[in-house]
S.K.: 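This structure is in structure tokens; I'll ask about it shortly.
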There are 2 protein chains.
Amino acid sequence: MSAGRRTAPQVRASGASTPESAPLPGTGGAAGGAAIPEATVARLPVYLRALTALADAGTTTCSSEELAAAAGVNSAKLRKDLSYLGSYGTRGVGYDVEYLRYQIAREIGVTQDWPVVIVGIGNLGHALANYSGFRSRGFRVVALLDAAEARQGEQVAGLPIRGFDDLEAVVAEHGVAIGVVATPADAAQQVCDRLVAAGVTSILNFAPTVLAVPAGVDVRKVDLSIELQILAFHEQRKAQQALGQIVDGAAAGPAEVEVEAVPVPDAGKAVIA
Amino acid sequence: MSAGRRTAPQVRASGASTPESAPLPGTGGAAGGAAIPEATVARLPVYLRALTALADAGTTTCSSEELAAAAGVNSAKLRKDLSYLGSYGTRGVGYDVEYLRYQIAREIGVTQDWPVVIVGIGNLGHALANYSGFRSRGFRVVALLDAAEARQGEQVAGLPIRGFDDLEAVVAEHGVAIGVVATPADAAQQVCDRLVAAGVTSILNFAPTVLAVPAGVDVRKVDLSIELQILAFHEQRKAQQALGQIVDGAAAGPAEVEVEAVPVPDAGKAVIA
DNA sequence: ATGTGTGAAGGGGTTCACAGCG
DNA sequence: CGCTGTGAACCCCTTCACACAT
């Protein structure tokens with residue numbers, strides 16, 4: 001079992017946010033495994049964390065139902081996701097926590113540490129450099145780079161801040177494949193280009209800009225304002241809906257609208273918009 | 001135009017990360033507009049930012065092609081997305097930058113400011129409090145809360161740090177609907193529960209935990225480690241593929257494999273995994 | 001008897017390609 | 001003629017429901 005799957009030999013190297021990249025013509029799935037769906041890839045880290053939490057709590061075995069609950073998904077999705085990796089469970093029993101944890105870590109590629117460079121040591125870069133979750137989750141910050149002359153040599157989280165001039169050397173020395181961009185928006189593209197030229201092929205972008213990168217380079221974007229705006233959109237909808245319900249109630253009479261499950265948010269705070 | 005669409009009268013109040021929420025039985029699309037797809041909602045803020053950039057650059061009109069390029073999507077997707085909002089373009093011409101910008105801002109709900117509370121003023125909370133992009137993008141930080149007694153009263157970004165005890169008062173006073181959780185993982189659920197109890201119905205979670213919330217509350221998660229792990233997965237694939245190519249080349253002879261578009265990453269850094 | 005692994009059905013989202021308006 | 005707006009095809013993902021292994 002677990003061998004005969006590889007439905008489509010398609011590869012799709014960049015699944016993240018490189019939408020306009022070339023379609024990758026030939027390149028059949030020669031090496032590696034069976035093309036895990038991008039949506040599944042995005043959830044594997046969540047499962048990994050849930051498994052680590054279970055292991056820390058002393059749990060040695062769990063069902064798909066339990067793990068799914070811990071990861072915040074439904075069990076069918078979890079089982080389908082895991083099925084892309086292989087048959088790591090035991091029917092009628094469940095999954096061995098430690099074994100599954102290792103398998104997922106191996107699949108993601110975090111059984112060893114990835115060296116990472118952080119560029120832009122402002123408030124955010126500072127926070128990232130100090131984030132202790134890195135080490136335990138497969139990453140090691142090997143250098144901090146910043147443009148400001150004044151800050152060169154300053155120690156942050158046990159590392160000295162170095163200038164952009166050192167970028168190429170750092171990437172080469174440590175074999176850095178992943179770069180974190182935490183610069184202001186107007187410097188981001190420039191920094192990105194330089195990282196890519198130095199050999200970095202994955203970038204995590206915190207700057208509020210769209211980064212253009214050549215095919216073969218993955219970019220993922222983390223944008224605070226965008227996340228808040230998405231929440232604001234839904235929040236506005238809720239407020240409108242609550243208002244509509246009131247209007248409906250008044251106009252169409254007491255029609256017993258079957259609202260349930262949508263607790264009209266405390267009217268006292270729908271003051272905005 | 002723009003009126004006769006509402007294909008499905010379904011509402012789907014929480015599109016973000018509340019996967020296990022009840023299916024919302026009745027509740028026809030009485031109030032508000034025509035149910036914009038979640039994927040589109042997630043891109044509207046990107047368009048908004050691109051339009052703002054264009055406006056700042058003095059551009060008054062743009063085609064779907066230009067705007068799409070600025071937003072990092074393809075033009076078909078952009079046009080489809082905008083079509084859910086209405087017909088705001090002119091055929092044969094394009095879009096009026098300022099007009100479209102306002103329409104999207106209105107749709108998202110950021111024509112007025114949303115009051116926001118940040119809970120957990122560690123390294124990250126500090127950075128978030130100092131982030132200036134808030135004000136300009138529809139949000140206003142009204143309070144900073146932290147558990148540490150020692151830090152009470154300390155000024156961060158012009159605001160005093162207050163204790164958790166003030167949470168309910170702050171939410172009520174400012175009509176806060178959106179809360180940002182930047183606490184350590186083990187405090188996050190507790191803080192979340194308290195925010196929700198106080199009336200907050202949208203939460204942006206930076207803590208590396210899955211938050212459980214009642215139906216009607218939206219949670220969005222920003223998780224650094226997960227983003228990096230997703231990049232690591234693809235990075236590993238690239239390395240495996242590059243390796244496979246080499247093996248193929250050696251075993252199957254010089255078959256002219258048509259690699260292009262996938263620049264084999266500098267071999268010097270494929271040292272991991 | 002229990003819970004995994006998986007075909008099959010169903011729903012969204014993306015892309016295509018062109019009708020239609022300016 | 002140019003570019004928007006949109007039906008339709010296509011593809012991916014989620015969900016269902018159950019066969020099957022233990």
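Naming: A, B, ... by sequence-line order, numbering from 1 per chain.
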S.K.: Would you indicate, yes or no, if D:dT4 has its OP1 or OP2 atom less than 4.0 angstrom from a side-chain nitrogen or oxygen of B:S64?
M.R.: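 Yes, within the criterion.
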
S.K.: Phosphate oxygens OP1/OP2 of D:dT15: is one of them under 4.0 Å from a side-chain N or O of A:N74?
M.R.: yes

S.K.: Please give, in whole Å, the distance from D:dC16 C1' to A:E65 CD?
M.R.: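 Between C1' of D:dC16 and CD of A:E65: 14 Å.
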
S.K.: Please compare B:L82 and A:V93 by the position of their nearest nucleotide in DNA chain D and report the one closer to 5'.
M.R.: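 Its nearest nucleotide lies further toward 5', so the answer is B:L82.
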
S.K.: Where the side chain of A:S83 is defined as all heavy atoms beyond and including C-beta, which of C:dT6, C:dT4, D:dG5 is the nearest nucleotide?
M.R.: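 Side chain of A:S83 sits closest to C:dT6.
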
S.K.: Between C:dA17, C:dT15, D:dC13, spot the one nearest the side chain of B:K77, thanks.
M.R.: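 Among C:dA17, C:dT15, D:dC13, the one nearest the side chain of B:K77 is C:dT15.
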
S.K.: Going by atom types only, do B:S202 and B:D218 share a side-chain donor-acceptor pair under 3.5 Å?
M.R.: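 Short answer, no.
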
S.K.: The side chain of B:R43 lies closest to which of these nucleotides: D:dT14, D:dC13, C:dT14?
M.R.: C:dT14

S.K.: Could you tell me the separation between the CG atom of A:D81 and the C1' atom of C:dT4, rounded to a whole number of Å?
M.R.: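 To the nearest whole Å, that distance equals 14 Å.
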
S.K.: Figure out the CD/P separation between A:E38 and C:dG12, and round it to whole Å.
M.R.: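 Result: 22 Å.
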
S.K.: Tell me the interatomic distance from A:I36, atom CD1, to D:dC13, atom C1', rounded to whole angstroms.
M.R.: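 Value for this atom pair: 15 Å.
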
S.K.: Tell me: CG of A:L78 to P of D:dC16, nearest whole Å?
M.R.: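 Roughly 15 Å, once rounded to whole Å.
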
S.K.: Without decimals, in angstroms, what is the distance between A:R79 CZ and D:dT14 C1'?
M.R.: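 The distance from CZ of A:R79 to C1' of D:dT14 comes to 13 Å, rounded to the nearest Å.
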
S.K.: Among D:dT22, D:dC13, C:dG5, which nucleotide sits nearest the side chain of A:T90?
M.R.: D:dT22

S.K.: Indicate yes or no: does B:R79 engage B:E65 in a salt bridge with an N to O separation below 4.0 Å.
M.R.: no

S.K.: Rounded to whole angstroms, how far apart are CG on B:D96 and C1' on D:dC3?
M.R.: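 Those two atoms, CG and C1', are 16 Å apart.
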
S.K.: Under a 4.0 Å threshold between the charged nitrogen and the carboxylate oxygen, would A:E38 count as salt-bridged to A:R43?
M.R.: no

S.K.: Going by distance alone, is a donor N or O of one side chain under 3.5 Å from an acceptor N or O of the other, for B:T111 and B:R106?
M.R.: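 Side chains of B:T111 and B:R106: no pair found under 3.5 Å.
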
S.K.: Is the phosphate of D:dG5 approached by B:Y95 (side-chain N or O, under 4.0 Å from OP1 or OP2)?
M.R.: yes

S.K.: Quick one: which of D:dT4, C:dT14, C:dA8 gets closest to the side chain of A:K80?
M.R.: C:dA8

S.K.: Kindly say whether, by distance alone, the side chain of B:R91 makes a donor-acceptor pair under 3.5 Å with the base of D:dG5?
M.R.: no

S.K.: Rounded to whole Å, please give me the gap between CD in B:E66 and C1' in D:dT4.
M.R.: 14 Å

S.K.: Yes or no on side-chain hydrogen bond (donor to acceptor under 3.5 Å, both in side chains) for B:R101 and B:Y95, after CA distance, side-chain angles and deciding distance?
M.R.: CA-CA 10 Å; B:R101 198 200 62 76; B:Y95 303 92; over 6 Å; no

